[in-house]
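Beneath this line is the structure, given in structure tokens, with notes to follow.
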Amino acid sequence: MALITDFLVQGGQMLLILLLAPLLTGWVRTLKAQLLRRRGPSLLQPYRDLLKLLRKEVVLAESASWLFRVAPYLIFAAIWVAAALVPTFASGLMFNWTADLIAIVALLGTARFFLALAGLDVGTSFGGIGSSREMMIASLAEPAMLMMVFTLSLLAGATELTTVARFMLAADVGLRVSLALALLALLIVAIAENARIPVDNPATHLELTMVHEAMVLEYSGRHLALIELAASLKLLLYISLIGCIFAPWGMATAGAGLPAYFIGVAAYLGKLALGGFLLALFETSIAKMRVFRVDQFLGVALMLGLLGALLLFVSRSL
Amino acid sequence: MALLTVGIYAIATARHASCSRRVYSVALAISGVALILVLTHLLTASAPATLTLPLSLPWLGAHFRLDALSAFFLIVVNLGGAVASLFALGYGQHERAPERVLPFFPAFLAGMNLVLLADDAFTFLFAWEFMSLTSWALVMAHHQESANARAGYLYLVMACFGTLTLLLAFGMMAGPNGGYDFAAIRAGEMTPGLAAVVLILALLGAGSKAGLVPLHVWLPLAHPAAPSHVSALMSGVMTKVAVYGFIRIVFDLLGEPMAWWWGGLVLALGGITAVLGVLYALMQHDLKRLLAYHTVENIGIIFIGLGLALAFQANHMYASAALALTAALFHILNHSLFKSLLFLGTGAVLTATGERDMERLGGLIHPMPWTALAFLMGAAAISALPPLNGFVSEWLTFQAILLTPELPQWLLKFLAPAVGALLALSAALAAACFVKAFGITFLGRPRSPAATQAQETDRYSLVAMFTLAALCLLAGILPGLVVDSLAPVVGLLNGGAQLATQHTQPWLTLAPIVDAKSAYNGLLVLLFMALSGTAAALLIHRFASSASRRGPAWDCGFPDASPATQYTAGSFAQPIRRVFGSIVFQARERVTMPPPGDGRPARLEVQLRDPVWDYGYAPITMAVIAASTRANHLQYLTIRRYLSLVFGALVVLLLGMALWR
Amino acid sequence: MHGLEFDIAHFLAGSMVVISLLLLYQDRLYALINVFAGHSLTLALAVGWQAYIQEAHHLYVTAGIALVFKAIFIPVALHRIIRKLGIHRTLEVVGGVGRDMLAGAALVALAILVMLPVTAGADALAREDLAFALAVVLLGLLLMISRHNAVSLVIGFMSLENGLVLAAAGARGMPLAVEISVAFSVLIALIVIGIFLFRIRERFDSVDMQAMDAFRGERRR
């Protein structure tokens with residue numbers, strides 16, 4: 001019986017994040033519009049967009065191959081699995097130990113690999129721009145992320161997210177500058193990976209400013225719906241990750257009973273709303289960087305990660 | 001027992017051009033049998049088998065020994081040999097000069113097997129030289145092209161250098177008593193200074209064959225010059241034999257590492273090699289050279305694991321050393337699998353189109369879908385993407401790096417996160433490199449007539465490639481089984497300490513230390529991904545639309561019919577070249593734009609300088625040439641001068657003897 | 001002395017190192033001066049906190065001086081100078097920002113590697129302050145040598161002095177007289193540099209150091 005409830009809770013979490021992801025995107029978009037003194041679309045607009053796209057016919061370029069058709073499913077599957085493994089409202093769910101933080105980062109890498117290949121598939125120059133710039137950004141964002149994981153594992157003694165969340169919740173970690181550095185590094189990497197201003201503009205189709213949009217330029221119909229959903233899931237994943245590691249208050253432990261779960265869900269929704277608000281605020285207050293300033297930006301994240309690890313060594317040996 | 005099979009290889013050097021199929025089938029059969037025998041030996045963890053033959057030096061004899069370490073590497077070698085022979089059954093039909101390749105191929109396999117079985121220094125070095133010479137002959141098989149001749153010359157020079165350093169290393173280990181067999185060396189005592197010198201010599205010797213920076217310069221020239229199945233063997237397998245040499249000398253014969261800086265040195269070298277290798281690879285547009293430089297990167301990753309193991313062992317942290325060793329050995333297995341797969345795929349492309357240059361390929365996924373699928377799996381595996389095997393060994397290496405804060409030495413404590421950052425950087429750059437390699441070669445539109453006229457390869461090649469791809473997938477989703485079979489090898493090298501048995505973990509998870517600390521389950525990840533992907537596909541096709549039609553590409557409304565407008569290999573690598581290459585390679589771009597109305601084309605020149613060549617080899621070469629020009633005078637002396645030289649040498653030697661007493 | 005006091009001191013000193021690294025990242029002059037103001041503000045907070053936990057009241061004066069002069073007065077003055085001289089507001093970096101940041105991280109590691117074993121007998125908070133202060137000094141020096149612009153030279157020098165003040169505050173017992181003299185010498189140096197900047201600008205129409213090399217007859221190319 002316990003096995004079945006565990007299974008149900010885990011399945012419930014997977015469905016919850018799938019349903020919440022477009023809402024989060026709509027929330028961020030509406031907030032950005034309102035910060036710019038516009039009315040903005042309704043919060044449920046992304047759902048309507050997805051449904052519309054799902055029902056449309058797909059137009060495939062003549063030079064597209066089977067990889068082009070299979071890639072959206074692969075990308076969606078990889079990102080959904082990764083997002084499902086991040087603790088959201090409860091830690092220690094049934095399959096949380098399937099992948100630790102490094103594996104989650106690598107799953108996102110899988111999605112990115114196939115997205116970049118799909119960009120190159122049709123053989124246009126726009127796809128090439130997107131893929132090559134995306135791989136450059138990834139080549140700096142992944143090491144920065146892994147340095148942050150290193151710092152975190154030095155502090156919490158594990159890379160398993162459940163253990164990290166419980167450590168942050170229970171132990172009196174104190175006000176540590178290494179944690180602040182790790183948080184900064186994670187924020188910078190999150191902005192880069194989710195194709196947000198100042199790294200990339202998610203709402204543009206100008207050649208000079210496209211990275212993510214350029215790779216998916218040739219997609220249409222249900223394929224495009226899946227890729228958009230995957231992108232929303234990725235944003236949800238990063239905000240959940242920040243919440244799980246740096247603000248784990250309110251998270252239930254597995255098997256704690258229904259009221260604890262409700263509190264966990266409420267806390268989680270609050271964190272998502274706050275994260276979306278801060279993201280919208282940040283995006284409207286800063287301009288997009290030129291492409292070759294992005295590597296310096298990400299280099300800062302890498303340095304912060306390294307510095308966090310170094311400072312931890314210092315305070316450990318005192 | 002193993003020796004008999006090796007002997008049969010030597011006999012099987014057929015000299016007739018038409019026997020290609022027969023030779024390769026025999027090689028395949030022998031490799032397969034050897035593989036099965038060795039596999040059973042390793043898995044049943046039986047005691048080492050030894051054999052002594054009165055073959056070589058009279059007072060020495062030839063000792064052979066099969067223990068867990070040799071068994072593991074024999075598996076790697078024979079698996080690679082078997083698959084390469086299978087591939088060559090189909091590929092060998094297109095060989096232009098079969099009599100230059102056929103006799104040396106089985107000899108090359110024999111040489112590699114002999115190195116792994118050798119139990120005394122003389123047999124080891126003899127087999128090492130034999131392996132080098134046969135592979136040199138294979139590199140020179142198409143010697144009409146001057147690039148291949150130059151590659152062969154450089155290879156010979158580096159191989160001689162490697163053997164020289166190994167000879168010195170063995171000499172120093174054997175000591176003044178001349179006990180050359182490994183059992184005597186293991187029992188002997190050594191001072192820390194002597195052991196340090198032996199370590200450096202072994203690093204130079206084995207590293208030059210494996211491809212550590214800065215001794216890697218021959219690798220990207222020689223590996224591509226050989227026929228494709230031989231390149232697969234050289235890159236995937238021969239470099240591992242070199243790593244075996246290093247492991248045998250340093251971990252087995254030298255015993256406990258005596259100083260902590262040994263690990264730090266190997267670790268730093270491994271990190272630098274990894275990043276430089278992948279940066280070089282990104283700048284290439286020849287498929288085979290790209291793969292060869294990538295081998296350099298993976299050797300760097302293996303040496304990172306070995307360096308960590310040395311550092312842990314020097315501080316008596318045997319459990320952590322077990323993890324680091326397991327990571328290195330797993331990566332050795334993985335690399336031989338996917339590198340061979342990639343080289344075989346390149347061979348298939350080469351026979352289908354006659355081109356190795358990515359800038360003239362493209363769109364090959366349409367005429368060659370199966371080759372493309374196999375190459376894609378190899379590319380995904382080498383980019384360390386879950387759920388395939390490359391990710392597992394990188395994950396294990398990272399977990400080993402995460403254990404380094406326990407080390408007491410400050411320099412090691414700071415070096416380890418830096419090397420961790422380098423490892424992460426090389427992994428991310430490797431993914432970029434293979435998006436480029438697969439994307440430009442197989443995707444997009446064909447960039448030359450050769451690419452449009454390609455055809456799918458033959459059955460044997462496809463079966464060979466898919467065997468390797470299937471093994472990559474299996475090693476990725478069942479890593480616990482592989483780790484368990486590596487346990488006897490790790491125990492041998494680590495003084496008995498091993499990782500906990502993995503196949504008893506729930507759902508076949510890999511949890512090297514403690515479940516709560518870090519765990520990874522490849523099988524579940526694959527299952528989840530497959531389930532969610534197919535569920536999404538089924539649901540969408542059932543409830544939403546499943547219609548699709550073909551049309552011209554959208555391209556923002558400006559489609560261009562010419563395939564020259566799509567991205568090339570050079571343009572794909574341009575952002576990374578600008579970010580990293582300007583520091584490492586002093587990459588400079590220059591655009592010459594003729595004035596309007598002028599009929600000349602605009603030119604983009606990219607200039608890269610190889611720092612290792614400029615600061616390492618070029619000065620050495622010039623010094624050698626200067627010294628030999630000076631020494632040339634010795635050829636023109638009179639008879640009186642020659643006699644006085646002899647007299648002077650005699651006097652100096654006598655003086656030396658007198659003073660030394 | 002672990003606990004909230006140690007944590008906050010650790011946090012403030014570490015933030016100073018981070019802001020020094022951020023100084024290396026800037027490529028616009030106004031942003032550089034603003035980040036330097038933040039640097040001095042953090043210094044004021046750190047010294048103030050040290051004053052609180054050491055109960056050394058003269059350190060409050062030091063913190064006040066840092067706040068008023070370095071976080072408010074000097075940045076405003078520099079802003080005025082730049083606007084008056086019309087100095088070109090983009091900083092050219094010798095070698096690239098990426099290389100500077102790598103060198104910066106290596107310098108922090110070096111400072112820690114040197115300082116921690118040397119101060120092995122001392123109290124934990126003092127050791128840490130000294131290690132971080134040395135890091136800030138080295139980063140200030142790096143800033144001075146890696147920019148072509150004279151204003152960034154001034155900022156680098158000021159951030160170096162901030163590091164020295166941090167070191168003095170961490171090691172107990174820095175008398176107020178020393179601090180006043182140090183602060184005044186810095187002020188004098190600033191006035192002198194400001195005057196020189198005006199004169200240089202009048203004579204040569206720019207404050208770019210590379211251009212000035214040509215006038216000295218020592219141009220490399």
Side-chain angles (χ1 to χ4, degrees), chain A residues 54-63 65 67 73-74 76-78 80-81 95 97-100 102-103 106-107 109-110 113 116-117 120-126 128 131-133 135-136 138-139 142-143 146-147 150 153-154 157-160 163 217-218 222 226 292 295 302 306 309 313, chain B residues 363 365-366 380 383-386 391 395 398 402 405 413 417 420-421 424-425 427-429 431-432 435 438-439 443-445 509 515-521 524-525 528-529 532-533 536-537 540 544-545 547-556 563 565-567 571-572 574-576 578-579:
Chain A
L54 281 174
R55 287 195 284 257
K56 280 193 163 222
E57 180 187 50
V58 161
V59 179
L60 287 172
E62 278 144 0
S63 48
S65 62
L67 186 62
Y73 298 102
L74 272 173
F76 173 70
W80 192 19
V81 170
F95 289 121
W97 42 261
T98 307
D100 63 344
I102 302 180
L107 268 175
T110 311
F113 186 80
L117 282 181
L120 282 175
D121 190 49
V122 181
T124 62
S125 47
F126 280 105
S131 301
S132 71
R133 284 180 182 177
M135 295 321 284
M136 174 194 78
S139 69
E142 260 198 47
L146 283 165
M147 274 295 107
F150 188 75
S153 86
L154 267 185
T159 49
E160 196 59 61
T163 320
L217 198 62
E218 301 288 333
R222 57 184 181 276
L226 274 175
F292 289 111
D295 59 283
L302 183 57
L306 258 178
F313 281 145
Chain B
I365 194 172
H366 298 287
S383 311
L385 301 178
F391 173 67
W395 187 79
F398 271 123
L402 289 177
K413 265 210 272 235
L425 188 62
L429 285 172
V435 167
F438 183 75
L443 301 176
R445 293 176 281 165
T509 313
D515 202 340
K517 187 168 158 81
S518 54
Y520 169 70
N521 192 321
L524 276 182
V525 167
F528 284 155
M529 277 179 66
S532 34
I540 292 178
S545 101
S548 66
R549 66 180 162 93
R550 292 273 173 176
W554 159 237
D555 211 2
C556 255
T565 55
Q566 50 178 345
Y567 257 51
S571 46
F572 190 89
Q574 189 258 355
I576 298 184
R578 192 163 152 173
V579 170

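This one's a predicted model, so the numbers in the text were calculated from it and none came from an experiment. The sequence lines fix the lettering, A, B, ..., with proteins before strands; numbering per chain opens at 1.
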So for [X], is it side chain, backbone, both, or neither that comes closer than 4.5 Å to the heavy atoms of chain A?
| X | value |
| --- | --- |
| Ser383(B) | side chain |
| Phe572(B) | both |
| Ile540(B) | side chain |

Name the region of [X], side chain, backbone, both or neither, that has any atom closer than 4.5 Å to a heavy atom of chain B.
| X | result |
| --- | --- |
| Glu218(A) | side chain |
| Ala106(A) | both |
| Phe150(A) | both |
| Ser131(A) | both |
| Asp121(A) | both |
| Leu146(A) | side chain |
| Leu117(A) | both |

Which heavy atom of [X] sits nearest to which heavy atom of [Y], and what is that distance?
| X | Y | result |
| --- | --- | --- |
| Tyr73(A) | Gly533(B) | CD2-O, 4.1 Å |
| Ser63(A) | Arg445(B) | CB-CG, 3.9 Å |
| Ala428(B) | Ser139(A) | CB-CA, 3.5 Å |
| Ala424(B) | Pro143(A) | CB-CA, 3.7 Å |
| Gly439(B) | Leu120(A) | CA-CD1, 3.7 Å |
| Met136(A) | Pro575(B) | SD-CB, 3.5 Å |

Using side-chain heavy atoms (C-beta onward) and a distance below 4.5 Å, is [X] in contact with [Y]?
| X | Y | answer |
| --- | --- | --- |
| Thr124(A) | Gln566(B) | no |
| Phe528(B) | Leu107(A) | no |
| Trp395(B) | Asp100(A) | yes |

- Message: Can you list everything that forms a side chain to side chain contact (heavy atoms under 4.5 Å, CB included) with Ala380(B)? Sequence neighbours excluded, please.
- Response: Phe113(A), Leu385(B), Leu388(B)
- Query: Does Arg550(B) use its side chain to pair, donor to acceptor, with the backbone of Ala61(A) at less than 3.5 Å?
  - Reply: yes
- Item | Backbone N/O of Ala553(B) and side chain of Glu62(A): donor-acceptor pair under 3.5 Å | no
- Message: Could you work out, with salt bridge (charged side-chain N to carboxylate O under 4.0 Å, His left out) as the rule, every residue matching Glu142(A), not counting sequence neighbours?
- Response: Arg112(A)
Of the listed residues ([options]), which shares the most heavy-atom pairs with chain A below a 4.5 Å separation?
| options | answer |
| --- | --- |
| His366(B), Arg578(B), Gln574(B) | Arg578(B) |
| Val579(B), Thr565(B), Leu429(B), Val525(B) | Val579(B) |
| Ala431(B), Ser548(B), Gly551(B) | Gly551(B) |

- Task: Starting from the C-alpha separation in whole Å, work towards a yes-or-no answer on side chain to side chain contact (heavy atoms under 4.5 Å, CB included) for Val59(A) and Arg549(B).
- Result: CA-CA 5 Å; Val59(A) 179; Arg549(B) 66 180 162 93; 3.8 Å; yes
- Roughly how far, to the nearest 0.5 Å, is the CE atom of Met529(B) from the OG1 atom of Thr110(A)? 6.0 Å
